[in-house]
Amino acid sequence: LIREHAAIGAALTELQSYAANNAPSETWWRELNRRAETFWDLFCDHEQAEIDLIQDAFCDGPGEVD
């Protein structure tokens, strides 16, 4: 998960660059929306994985017995 942070940052930078360096048009808006949705899915999947990891560590921490 830690290694994903750099990739998420790079994806956000790429999204920002696309948004800032292209002239708005209907095609641009569609592509920006597609890229934003792709980024959002990546980000949410990553955050959920972090939540799951923390929850597993909390529930299965030292001294826990199943």
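All values derive from a computational prediction rather than experimental measurement.
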query = Between Leu15 and Thr38, is any pair of side-chain heavy atoms under 4.5 Å apart?
reply = no
Over all atoms of both residues, closest heavy-atom pair of Leu1 and His46 = O-CE1, 3.2 Å
request  = Taking atom CD of Glu31 as the centre, report whether more than 12 heavy atoms of other residues, nucleotides or ligands fall under 6.0 Å from it.
outcome  = yes
task = Please indicate whether Glu26 has more than 12 foreign heavy atoms, meaning atoms of other residues, nucleotides or ligands, lying under 6.0 Å from its CD.
result = no
inquiry  = Any heavy-atom pair between the side chains of Asn33 and Arg30 that's under 4.5 Å?
reply    = no
inquiry  = Would a single hydrophobic cluster contain both Ile8 and Leu53, if residues Ile, Leu, Val, Met, Phe, Trp and Tyr are joined by side-chain heavy-atom contacts under 4.5 Å?
reply    = no
remark   = Separation between CZ (Phe43) and CG (Leu12), nearest 0.5 Å, reads 9.0 Å
query = What distance do Asn22 atom CG and Ser17 atom OG have between them, rounded to the nearest 0.5 Å?
reply = 7.5 Å
query = Between Trp28 and Tyr18, what is the ring plane arrangement, given parallel below 30°, perpendicular above 60°, and tilted in between?
reply = parallel
Side chains of His5 and Glu50 in contact at under 4.5 Å (non-hydrogen atoms) = yes
ask   = Taking atom CD of Glu47 and atom CD of Glu4, what is their separation to the nearest 0.5 Å?
value = 10.0 Å
message = Nearest 0.5 angstrom please: Glu37 CD to Leu42 CG, how far?
response = 13.5 Å
